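Quick notes on the structure that follows.
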Amino acid sequence: MRYQRPKGTADILPGEAQKWNYVEETARMLFDDYRYQEIRTPMFENFDVFSRTSGDTSDVVTKEMYDFNDKGDRHMSLRPEGTAGVVRAFVENKLYGPEHPRPVKVFYMGSMFRYERPQSGRQREFHQIGVEAFGSNEPELDVEVIAMGMDLLKHFGLSGLRLEINSLGDQASRDAYRQALIDYLDPHFDELSDDSKVRLHKNPLRVLDSKDKRDQEIVKDAPSILDYLNADSQKHFDKVKHLLESLNIPYVVDPDMVRGLDYYNHTIFEIMVDSKALGEGYTTICAGGRYNGLVEQLGGPEMPGIGFGLGMERLMLLMEAQGVKFPVLDQLDAYVVGIGDSTSALTLQIVQALRADGFAADRDYLDRKPKAQFKTANKLNAQYTITIGESELANKTANVKQMRTGTEVSVPLADIFKDFDDIITKYFTDDEEID
RNA sequence: GCGGUAUUGGUGAAGUGGUUAACACAUCGGUUUGUGGAUCCGACACGCGUGGGUUCGAUUCCCACAUACCGCCCCA
């Protein structure tokens, strides 16, 4: 019986993992600039943490949760997204306390799980990088988060980005709009798709998001959320737009944009890219918004929050599609060639000495002939080979060869153990740059 | 959850109801035996996703299952 990885999961193999590492390190550096600190929360939580916060009617909860009962018969779920767990941790660990300067700004990166049909850029286990900022209601923070998302994607070398924003307003605005929408849609009830019929009374905003052609036709003339924002909400949104402009960040307002999770209010946004790698037309690569009330919902004090999530798999697909080159630090400084059994201990000593000195060094472990060892050194793109044979063993010397030029010199073994750098500068600096 | 397509060695792949499953790349070995990217020679599928069935006989036909990809749904 051969084992296969679980459906919708992926093995990230060494070559690929290097790219992931590059992306993650890039993100860490940027987050540091924005003063966001890492937080790590469990990959599974009580089912309720997600179901309550995401909304009972959301697709995530109704059909995509990777949930299970543990041996203590607790209803658990692998996290389908990052925010709920972070908020839970924020509340449980009282990060809202006065000793924590506000806003409290955190980021995370890790696996998320959704039970659904895999497709390109969509897996059951996928990875997200996300940020959350708590404790400020000011539009400036909304804009910082949005700007950081854009900044991040630009750091990854992506182009053709499109920022879409919308406002869902505060609770009062949202309630008013919700009623207006129901009033508008009710007369069309029979024409709506089945999905939308269900959504109409549970979460009418989701109808706006329907991909069904007939639904879209109906929705076209529906009232706009933007007409139902009360003064405060309108002011908030205006400020966000104004600040984006002052940072020269282009954006498009999409009044029909609704996020899949119920906890959002006020500013919501999506950063999209037009790439065939993820299907036709613009697809979302990064999305987020404000979620005032979520902290309270999870048992904390009244404390606003805002954040975004970014899909790693999608990001990697896009970067590949756009031909972004990943800087890879994969240089083998020296390959130590041993000829004859008696040299084996010495070659091992040399390799270890080089490593202790900070060089990347390797040797043969398959007892192969010199020719094969050189072939390997060549294939691994070794900068230098150090050859030890019977005669070198006797003379306490080694042959150091620069692979690129083929130049080979004999040097005392003691020099190699002392400082390999000296040998390089002494014999090979004239025509080669080492990078 | 629904529909479609696919599944041959490390990789890319050809192929047929019936003796030894092409070819290429990669890998390994050799080319007179302590030195690398070329040439040449040679080796390399517990057998064709898994399990059943049809058949004298299946990798090739049928069924189920698994997985991947695409579309729907939805989303990162």
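What you see is a predicted model; the values in this text were computed from it and never measured. A note on names: the letters A, B, ... follow the listed sequences, proteins ahead of strands, and every chain is numbered from 1.
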Quiz item: Can a salt bridge be assigned to the pair A/Lys375 and A/Asp364 using a cut-off of 4.0 Å between side-chain N and carboxylate O?
Solution: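 Salt bridge: no.
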Quiz item: Less than 4.0 Å between a side-chain N and a carboxylate O, is that true for A/Glu45 and A/Arg79?
Solution: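 Result for this pair is no, no salt bridge flagged.
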Looking at every strand, decide which applies to [X] at a 4.0 Å heavy-atom threshold: base, sugar-phosphate, or nothing.
| X | answer |
| --- | --- |
| A/Gly288 | nothing |
| A/Gln373 | nothing |
| A/Arg368 | sugar-phosphate |
| A/Thr385 | nothing |
| A/Lys379 | sugar-phosphate |
| A/Gly406 | base |
| A/Glu270 | nothing |
| A/Lys7 | sugar-phosphate |

At less than 3.5 Å, do the side-chain atoms of [X] and the base atoms of [N] form a donor-acceptor pair?
| X | N | answer |
| --- | --- | --- |
| A/Arg117 | B/C75 | no |
| A/Glu64 | B/G1 | no |
| A/Arg404 | B/G37 | no |

Quiz prompt | Qualifying residue for side-chain hydrogen bond (donor to acceptor under 3.5 Å, both in side chains) with A/His75, from A/Asp67, A/Asn69, A/Asn46, A/Asp48 | solution =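 Of all the options given, the one that passes is A/Asp67.
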Expressed as a whole number of angstroms, how long is the span from [X]:[atom1] to [N]:[atom2]?
| X | N | atom1 | atom2 | value |
| --- | --- | --- | --- | --- |
| A/Arg114 | B/G1 | CZ | C1' | 17 Å |
| A/Tyr108 | B/A76 | OH | P | 10 Å |
| A/Met65 | B/C74 | CE | P | 19 Å |
| A/Arg124 | B/G1 | CZ | P | 7 Å |
| A/Tyr263 | B/C75 | OH | P | 12 Å |
| A/Phe126 | B/C75 | CZ | C1' | 8 Å |
| A/Gln123 | B/U67 | CD | P | 14 Å |

Pick the [atom1] atom in [N] and in [M], then give their distance to the nearest Å.
| N | M | atom1 | answer |
| --- | --- | --- | --- |
| B/U54 | B/C63 | P | 15 Å |
| B/C70 | B/C40 | P | 40 Å |
| B/U59 | B/U7 | P | 16 Å |
| B/G42 | B/A22 | P | 15 Å |
| B/U27 | B/G34 | C1' | 23 Å |
| B/C46 | B/G4 | P | 35 Å |
| B/A26 | B/U39 | P | 9 Å |
| B/U60 | B/U50 | P | 10 Å |

Identify which nucleotide among [options] has an atom closest to any side-chain atom of [X], counting heavy atoms from C-beta outward.
| X | options | answer |
| --- | --- | --- |
| A/Gln119 | B/C70, B/G34, B/A76 | B/C70 |
| A/Tyr115 | B/G34, B/G1, B/G30 | B/G1 |
| A/Lys375 | B/U35, B/C74, B/G36 | B/G36 |
| A/Glu116 | B/C74, B/G34, B/U35 | B/C74 |
| A/Arg314 | B/C75, B/U35, B/C69 | B/C75 |
| A/Asn399 | B/A76, B/G34, B/G36 | B/G34 |

Self-check item: Backbone of A/Ala84 reached by a side-chain donor or acceptor of A/Glu81 within 3.5 Å
Solution: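 Present.
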Quiz item: Is a side-chain donor or acceptor of A/Glu38 paired with a backbone partner of A/Val106 at a separation under 3.5 angstrom?
Solution: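 No: the side chain of A/Glu38 does not pair with the backbone of A/Val106.
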Practice problem: For salt bridge (charged side-chain N to carboxylate O under 4.0 Å, His left out), just list the numbers for A/Lys426 and A/Asp422, CA-CA rounded to whole Å, side-chain angles, deciding distance to a tenth of an Å, and then say yes or no. | Solution: CA-CA 6 Å; A/Lys426 190 169 171 188; A/Asp422 278 351; over 6 Å; no
Self-check item: Residue met sooner reading RNA chain B from 5', once A/Arg5 and A/Leu310 are mapped to nucleotides
Solution: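 Its nearest nucleotide lies further toward 5', so the answer is A/Arg5.
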Self-check item: 5' priority, RNA chain B, between A/Glu392 and A/Gly309 [closest heavy atom]
Solution: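 Result: A/Glu392.
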Are OP1 or OP2 of [N] and a side-chain N or O of [X] less than 4.0 angstrom apart?
| X | N | result |
| --- | --- | --- |
| A/Lys401 | B/U35 | no |
| A/Gln4 | B/G49 | no |
| A/Lys371 | B/G29 | no |

Self-check item: Ring centroid separation A/Tyr177 to A/Tyr228 under 6.0 Å
Solution: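 Yes, they do, as the ring centres are separated by less than 6.0 Å.
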With a 3.5 angstrom cut-off on both distances, give the Watson-Crick or G-U wobble partner of [N], or none if there isn't one.
| N | answer |
| --- | --- |
| B/U5 | B/A68 |
| B/C40 | B/G30 |
| B/C61 | B/G53 |
| B/A14 | none |
| B/U19 | none |

Quiz item: A/Asp151 and A/Tyr34: side-chain donor and acceptor closer than 3.5 Å?
Solution: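 Looking only at side-chain atoms, A/Tyr34 and A/Asp151 do form a donor-acceptor pair, the distance falling under 3.5 Å.
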Quiz item: Do you see a donor-acceptor pair shorter than 3.5 Å between the side chains of A/Glu392 and A/Asn399?
Solution: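 Side-chain D/A pair, A/Glu392 to A/Asn399: present.
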